[in-house]
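The figures here come from the full heavy-atom set of this structure, side chains too, leaving out hydrogens, waters and symmetry mates. Numbers restart at 1 for each chain; the letters A, B, ... are given by sequence-line order, proteins then strands. Small disclaimer: the values here were computed from a predicted structure and weren't measured.
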Amino acid sequence: MSPFAWETTLHWSAVALYIAGIVGVAYALIFDRPGRRAGALGLAAAGLLPHTAALALRYVHVGHGPYMMQYEVLSSNAWIAIVLLLLFLWRRPDWSPLALVVLPVSVLMLGFGLFTNPEARDLPPTLRSMWLVFHVLFNKLAVGAFLLSVAAAVILLRKLAGASSPLLDRMPAAATVEIYTMRFVGFGMVFWTTTIGAGAIWAHQSWGRYWGWDPIETWSLVTWLSYAILLHARLFFRVNARATAWGTIACFILSILTILVFPFVFPSMHAAYFQP
Amino acid sequence: MQTINIHSMKRFLRSPAIIMAEIVVITLASVTGVVYPQAGAVDGEALAQLRESLPALAALGQDLALDRVFRSVWFLVAVALAFASLLVVAVEEVRRLFRTRFRPFAPAGGLFIHVGLLLVILAAALKALFGAEATVDVLEGETLPPTSAAWAVQKPGVLVSPLRIANPITLETVDAHRYRGGDLQSLAVRLRLAGDATAPRVADVPVNGSMDVSGVRLFVGHDYGPAALIEWQGKVGEPAKTAALLKHERGRRFEGVLAGPDGESAYLRGSVDPAGNRPAGIEVRVMKGAALLSTSTVRIGETITIPSGGSLTLHGAPFWVRLHASRDPELWLFYFGFTCVLLGVTVRFTLIPLPRLAAVPVRTLSCKHRVDARMPQPAMLFALAGLLGLTACSRPSSAEARKLVERYNTVVAEAYRRGDVKLVDGVVGPNEGKKLTGLIGVHLDMGLTLDSKMLSLDVLDAKQSKDHLQVLTKERWSYCDRRIGTGEQVGEKSEDAYEMRYFFKRFDKEWLVDRIEFATPPQFGREPGTWAIAHGRMQGHAASQAESKEAAKP
């Protein structure tokens with residue numbers, strides 16, 4: 001089998017295990033079988049093995065990290081989101097309903113990536129920088145944290161709507177869920193800020209300026225400012241939990257557009273590095 | 001009285017409504033900066049297109065400075081106001097920090113964020129006032145004199161003079177390596193600095209690296225290529241010696257154009273070898289207006305004679321590279337400010353229990369704010385997100401379809417005119433490329449080139465389905481054939497009209513023409529000449545397209 005065939009097989013094996021994990025978690029929570037929950041999350045964790053192997057194989061095959069093709073970027077984003085989810089659930093098992101949002105979104109990302117052009121691209125010399133590694137790594141961590149914040153926001157909205165089920169009742173109260181939503185947003189902000197900073201240093205190294213209002217740079221700032229608006233609105237105006245949840249979802253959509261859509265839409269110095 | 005004014009000013013600057021308004025205005029300005037075409041942006045044509053297609057919006061944009069939003073007065077006022085608010089809030093937070101006994105982290109997080117942002121804005125202002133940037137294209141072996149005039153492009157700050165290096169700098173070598181597929185793998189230059197004991201005498205500077213000379217940073221991007229050192233002797237007068245810089249076209253190929261005497265110009269092409277070494281020879285096409293005078297590959301040291309009377313000698317093909325210099329007195333302030341922001345965000349969002357974050361000194365909030373202030377409705381947020389989504393998912397409009405058709409026709413017409421089929425690589429797919437290779441080759445075999453001009457173009461219809469785009473057009477063209485060497489017209493001039501259907505296909509991420517066909521039979525403006533009868537439907541550009549259509553049939 002060619003390396004690409006191995007990669008594809010491993011990726012699809014991971015998808016199968018993640019889907020099995022989703023079904024398992026849904027069964028455990030909806031039918032109130034807490035004993036099955038650990039097994040279901042174990043399936044999702046098992047999915048990380050072929051997923052990690054596929055990413056490692058890709059690295060060996062193309063000789064660089066997941067920076068250039070949508071295929072690589074989406075797969076690695078999904079990997080980070082699932083790792084963050086499982087780490088959090090390991091410490092807070094009661095929050096397993098988060099998996100019902102994070103896992104499907106990650107599987108969608110992974111699946112979409114598998115249908116994009118997987119052609120290997122050579123790394124241009126401007127991308128040979130340690131700052132690129134930080135820039136990309138923290139960006140992926142930010143996506144993972146923001147995805148967790150959205151999952152918490154969705155659960156918060158359900159709780160505020162008065163929905164009741166064994167699944168929701170096991171979760172902490174709405175006020176706690178709201179605090180955790182903001183906590184995930186906060187973690188995302190830390191990672192997103194680091195992404196912008198590492199990008200600025202790298203831009204100074206490669207292009208001679210740390211900030212140039214390039215469209216993708218500007219969208220990343222808009223995303224950062226949008227989260228700042230959300231946080232300040234909550235702080236100053238004590239907006240209610242429902243508005244906080246909707247604001248979190250809107251900001252997440254913006255962050256995803258910034259990472260996955262805008263680089264392909266707006267003519268930008270960054271566009272040369274992103275390949276669909 | 002003055003104290004009262006200062007107090008009311010401070011209250012105004014730290015009021016939540018003003019702070020929120022500042023963030024929202026800066027956010028909206030940033031969105032405008034990416035959605036509305038900006039002067040001097042990467043896609044420079046977008047603004048011209050907007051002026052052409054929506055003049056009223058373009059005029060309004062110009063009045064509101066939307067086309068240069070980040071340099072507009074209203075944006076700078078918003079940033080200045082934000083700076084003032086940050087300053088007032090930071091001072092307030094310092095006071096609160098000293099009043100707090102057991103929770104030093106809580107106010108410290110916000111303080112670091114706000115002080116950091118202040119420093120970042122201050123660094124940007126310092127850069128605008130005291131920073132400087134300069135760029136120049138340098139040949140291997142060339143020495144830059146220690147003057148500001150040595151640099152082709154200068155961007156000095158408002159309060160400083162143009163940038164200059166105190167000592168002469170020589171570009172000794174350019175070392176470039178390419179991947180097997182042709183993409184650039186690495187690029188490094190060796191710079192020699194004369195007569196400075198403090199700086200390194202010789203330094204290898206790769207992409208992402210730099211050489212520091214008395215506070216000025218020298219570095220290279222990825223702009224480089226071979227230069228053709230050409231001596232061009234016209235029919236009369238002294239020969240002109242010029243270095244024509246060839247720029248990267250695709251793969252290992254570089255191209256450039258050189259204006260010569262008597263209204264002639266030379267189109268130049270050189271390819272580096274797989275290891276990235278300099279080209280041994282340069283492909284040269286000499287043209288006068290639309291007439292192709294000569295085409296040949298010239299090796300270093302060779303001279304070619306141009307049929308019109310002159311001659312052209314290639315003396316060498318060294319590499320050139322774009323050298324950048326920048327003086328950034330604010331850089332460490334920016335990094336320090338950014339570190340503060342990062343530290344503050346980390347403290348604020350990871351080390352402090354979140355319920356405490358909601359605590360805002362009550363005296364900074366008016367009662368009205370607490371009761372009436374509302375976040376935008378979720379529906380509005382979703383509408384915004386939806387709008388952004390729509391922007392992201394737009395399909396090619398009629399204007400975009402027209403742009404694609406125009407691009408194809410401009411390139412193909414130029415390829416026929418220069419007898420150079422390699423020009424079409426970026427606009428056609430493999431099928432159409434093969435056909436054009438044959439058709440242009442037939443012309444060259446006959447000693448002819450085709451000089452065509454589009455007189456009118458109307459897009460009648462455009463349909464898209466995923467990776468396929470079909471565009472129906474109505475076109476009018478003027479054609480004439482010219483003899484290679486003299487440029488004299490062969491046969492009659494012709495004006496033809498037809499409807500054409502273009503089948504674009506997305507290859508990688510580019511729309512390329514896969515095939516074309518007539519939608520209605522062409523109306524030729526001339527009778528077929530002797531040569532045309534001998535070669536069937538070889539009836540200019542339109543007939544070439546007809547050839548393509550015939551060839552496309554199963």
Is A:Leu123 in contact with chain B via its backbone, its side chain, both, or neither, using a 4.5 Å heavy-atom distance?
both
With a 4.5 angstrom heavy-atom cut-off, is it the side chain or the backbone of A:Trp211 that approaches chain B, or both, or neither?
neither
[atom1] of [X] to [atom2] of [Y]: how many Å apart, nearest 0.5 Å?
{"X": "B:Arg217", "Y": "A:Gln205", "atom1": "CZ", "atom2": "CD", "result": "7.0 Å"}
{"X": "B:Ser326", "Y": "A:Trp207", "atom1": "OG", "atom2": "CH2", "result": "15.0 Å"}
{"X": "B:Asp328", "Y": "A:His204", "atom1": "CG", "atom2": "NE2", "result": "4.0 Å"}
{"X": "A:Phe191", "Y": "B:Thr346", "atom1": "CZ", "atom2": "OG1", "result": "9.0 Å"}
{"X": "B:Asn208", "Y": "A:Arg128", "atom1": "CG", "atom2": "CZ", "result": "10.0 Å"}
{"X": "A:Leu235", "Y": "B:Ile19", "atom1": "CG", "atom2": "CD1", "result": "9.5 Å"}

Is there side-chain contact between A:Pro124 and B:Asp183, with at least one heavy-atom pair below 4.5 Å?
no
For a 4.5 angstrom cut-off between non-hydrogen side-chain atoms, does B:Met20 reach A:Ile229?
yes
Could you tell me which residues satisfy side-chain contact (heavy atoms from CB on, under 4.5 Å) with B:His324, sequence neighbours excluded, listed by chain and number?
B:Thr135, B:Phe219, B:Arg322
If I measure from the heavy atoms of chain A, does B:Ser210 come under 4.5 Å with its side chain, its backbone, both, or neither?
neither
Pick one: which of B:Thr27, B:Val24, B:Leu28 meets side chain to side chain contact (heavy atoms under 4.5 Å, CB included) with A:Leu225?
B:Thr27
Tested for side chain to side chain contact (heavy atoms under 4.5 Å, CB included) against A:Ile201, the lone hit among B:Tyr335, B:Phe338, B:Phe334 is B:Tyr335
For B:Phe70 and A:Trp213, take the angle between the two ring planes, folded into 0 to 90°, and tell me which bin it lands in: parallel under 30, tilted 30 to 60, perpendicular over 60.
parallel
Could you check which of A:Tyr210, A:Phe187, A:Trp224 has the highest count of heavy-atom pairs closer than 4.5 Å to chain B?
A:Tyr210
